[in-house]
Student: 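Structure in structure tokens, see below.
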Amino acid sequence: MTPPTPGWQLQDIHLRRGASDIFCGLNLRLDEPRIALIGHNGAGKSSLLRLLVGLDEPRQGQLLWAGEPARGGQTRPAARRLAGLMFQNPDDQIIFPTVQEELQLSWQSAYGGERKAAREGVLEFLRQRGLQAWAPRAVGTLSQGERQWVCWLAMLLAAPRVLLLDEPYASLDLPGQLRLAADVHRCPQQVILSTHVLAPVLDFPRVIWLESGRVRADGPGRDICPAYEADARAAFGAARGS
């Protein structure tokens, strides 16, 4: 029997938060190496990422990775971390007071070992990226975009099999967006991200347009992004004219 292709399957997913239904019978396969989620606020983009990493549990339905149940961001019984989530707000993610300490946590979660090895590994990682001066910096002195970049570096060091990014471009200036897009292009893991910034995902093989917890359109970025923008412009024009 041929083993299933590695990837996500969402089968009849029902998710409710408070008094609101987020998903009602959502079915998706997520196999492509690069997938973007687009749509208005409240469409379900962040909720889908939270489901994949295990922060939310569906009331009904099943989440699978490579045909096996996935819970809490990992498959059972595998102990290796399957998915990691980079939050939209870096202050929801960063724990330690300095960049060095924050990145050492990710290093040790991926490689284990003693603190000295983690410290040296992080310094070498920053040196290779021309960021060695960041190591002793206090997180509180960093801009929003710089803190977001620290979160991205932490994700790379932790090295989960799937990188989930919630609005990763929102706090970055244009050079930062270009650097992150280049990093996303190079990394070997599957990347699934939500975004309101469409330019970095135009060349993605798959973009999913969510609307009120349902898939409105699904296809290559070059097709879906312009359709979404045209729809948003038309709705804005209609609202102005009413």
Student: Cluster question for you: counting only ILVMFWY and a side-chain heavy-atom cut-off of under 4.5 Å, with indirect links fine, are Leu165 and Tyr169 together?
Tutor: yes
Student: To the nearest 0.5 angstrom, please state how far the CG atom of Leu63 sits from the CD atom of Gln11.
Tutor: 9.0 Å
Student: Just how far is it from atom CG of Leu64 to atom CD of Gln9, taken to the nearest 0.5 Å?
Tutor: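 Reported value, rounded in 0.5 Å steps: 5.0 Å.
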Student: Would you mind listing every salt bridge (charged side-chain N to carboxylate O under 4.0 Å, His left out) that reaches into residues 195-204, with sequence neighbours excluded?
Tutor: Asp203-Arg222
Student: Looking only at heavy atoms, what is the nearest atom pair of Leu103 and Val150, with distance?
Tutor: CD2-O, 3.8 Å
Student: Taking 4.0 angstrom as the limit, do Asp31 and Arg206 come out as a salt bridge?
Tutor: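 Result for this pair is no, no salt bridge flagged.
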Student: Within the distance-only criterion (no hydrogens, no angle test), does the side chain of His14 pair as donor or acceptor with the backbone N or O of Gly25 below 3.5 angstrom?
Tutor: yes
Student: Per the salt bridge (charged side-chain N to carboxylate O under 4.0 Å, His left out) rule, what does the pair list look like for residues 85-104, sequence neighbours excluded?
Tutor: Asp91-Arg147
Student: With a 4.0 Å cut-off on N to O distance, would you call Asp183 and Arg129 a salt bridge?
Tutor: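 So Asp183 pairs with Arg129 through a salt bridge.
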Student: Hey, any chance Val53 and Leu157 share a hydrophobic cluster, counting ILVMFWY side chains that come within less than 4.5 Å of each other, even indirectly?
Tutor: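 Cluster IDs for Val53 and Leu157 differ.
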Student: Mind checking what makes salt bridge (charged side-chain N to carboxylate O under 4.0 Å, His left out) contact with Arg179, not counting sequence neighbours?
Tutor: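 Checked Arg179 against salt bridge (charged side-chain N to carboxylate O under 4.0 Å, His left out); zero matches.
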Student: Testing the 3.5 Å rule here: is there a donor-acceptor pair between the side chains of Asp12 and Gln62?
Tutor: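 Per modelled atom types, Asp12 and Gln62 side chains form no pair under 3.5 Å.
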Student: Indicate yes or no: at least one non-hydrogen side-chain atom of Leu153 is less than 4.5 angstrom from one of Leu131.
Tutor: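 They are in side-chain contact.
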Student: Write out all pairs satisfying side-chain hydrogen bond (donor to acceptor under 3.5 Å, both in side chains) with one or both partners inside residues 18-27, taking only residues at least two apart or from two chains.
Tutor: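 For residues 18-27, and leaving out neighbouring residues, the side-chain hydrogen bond (donor to acceptor under 3.5 Å, both in side chains) pairs sorted by first residue read Arg16-Asp21.
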Student: May I have all residue pairs that pass side-chain hydrogen bond (donor to acceptor under 3.5 Å, both in side chains) and include part of residues 103-121, sequence neighbours excluded?
Tutor: Gln100-Gln104
Student: Kindly indicate whether the side chain of Val99, heavy atoms from C-beta on, has any atom under 4.5 Å from the side chain of Pro136.
Tutor: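 No, their side chains stay 4.5 Å or more apart.
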Student: Hey, are the side chains of Glu146 and Ser143 touching, using non-hydrogen atoms and a 4.5 Å cut-off?
Tutor: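 Glu146 reaches Ser143 side chain to side chain.
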Student: Might you point out which heavy atoms bring Pro58 and Leu51 nearest each other, and give the distance in Å?
Tutor: CD-CD2, 3.7 Å
Student: Are Val162 and Trp65 packed together at the side-chain level, in the sense that at least one heavy-atom pair is separated by less than 4.5 angstrom?
Tutor: yes
Student: Does any part of the side chain of Phe96, heavy atoms only, come nearer than 4.5 Å to the side chain of Val139, both counted from C-beta?
Tutor: no
Student: Looking at every heavy atom in both Leu202 and Pro226, which two are closest together, and how far apart are they?
Tutor: CD2-CD, 4.5 Å
Student: What's the shortest heavy-atom distance between Gln148 and Ser171, and which atoms?
Tutor: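 Here Gln148 and Ser171 meet closest at CB-CB, 4.4 Å.
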Student: Quick one: does Lys45's side chain have a donor or acceptor within less than 3.5 Å of a partner on Gly39's backbone?
Tutor: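 Here the side-chain-to-backbone pair exists.
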Student: What distance do Ile13 atom CD1 and Leu15 atom CG have between them, rounded to the nearest 0.5 Å?
Tutor: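 Ile13 CD1 to Leu15 CG: 8.5 Å, rounded to 0.5 Å.
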Student: Report yes or no: does Glu167 contribute a side-chain atom to a donor-acceptor pair with the main-chain N or O of His196 at less than 3.5 Å?
Tutor: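 The answer is yes, because a donor-acceptor pair under 3.5 Å joins these two groups.
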Student: About how many Å separate OG of Ser47 and CG of Leu55, when rounded to the nearest 0.5 Å?
Tutor: 11.0 Å
Student: Is there a path of hydrophobic side-chain contacts, each under 4.5 Å between heavy atoms, that joins Leu85 and Ile192?
Tutor: yes
Student: Is there a path of hydrophobic side-chain contacts, each under 4.5 Å between heavy atoms, that joins Leu210 and Val197?
Tutor: no
Student: Under the ring-ring contact (aromatic ring centres under 6.0 Å, His included) test, which residues partner Tyr228, sequence neighbours left out?
Tutor: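 Applying ring-ring contact (aromatic ring centres under 6.0 Å, His included) to Tyr228 gives His40, Trp209.
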Student: From the options Leu193, Leu37, Asp56, select the one residue that forms a side-chain contact (heavy atoms from CB on, under 4.5 Å) with Leu49.
Tutor: Leu37
Student: Is the closest side-chain heavy-atom distance between Arg34 and Val184 below 4.5 Å?
Tutor: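 With C-beta onward as the side chain, the pair touches.
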Student: Would you say the side-chain atoms of Thr195 pair up with the backbone N or O of Leu198, donor to acceptor, closer than 3.5 Å?
Tutor: no
Student: Looking only at heavy atoms, which two atoms of Ala110 and Ala158 are closest? And how far apart?
Tutor: CB-O, 3.3 Å
Student: Given the rule in the side chain to side chain contact (heavy atoms under 4.5 Å, CB included) test, do Trp8 and Leu28 qualify, once you have shown the distances and angles that lead to the verdict?
Tutor: CA-CA 8 Å; Trp8 302 93; Leu28 278 175; over 6 Å; no
Student: Are Leu164 and Val191 close enough that some pair of their side-chain heavy atoms sits under 4.5 Å apart?
Tutor: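 No, side chains not in contact.
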Student: Work out which heavy atom in Leu172 is nearest to a heavy atom in Gly145; give both atom names and the distance.
Tutor: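 In terms of heavy atoms, the two residues are closest at CD2-O, 3.5 Å.
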Student: How about Pro168 and Trp152: do any of their side-chain heavy atoms sit closer than 4.5 Å?
Tutor: no
Student: Under the criterion side chain to side chain contact (heavy atoms under 4.5 Å, CB included), I'd like the reasoning laid out for Ile224 against Ile208: C-alpha separation, chi angles, the key distance, then a yes or no.
Tutor: CA-CA 8 Å; Ile224 304 303; Ile208 301 172; over 6 Å; no
Student: Is it true that Arg127 and Glu124 make a salt bridge, defined as a side-chain N closer than 4.0 Å to a carboxylate O?
Tutor: yes
Student: Leu142 and Trp149: side chain to side chain contact (heavy atoms under 4.5 Å, CB included), yes or no, with the steps?
Tutor: CA-CA 10 Å; Leu142 303 179; Trp149 200 256; over 6 Å; no
Student: Above 12 or not: heavy atoms from other molecules or residues under 6.0 Å from CZ of Arg17?
Tutor: yes
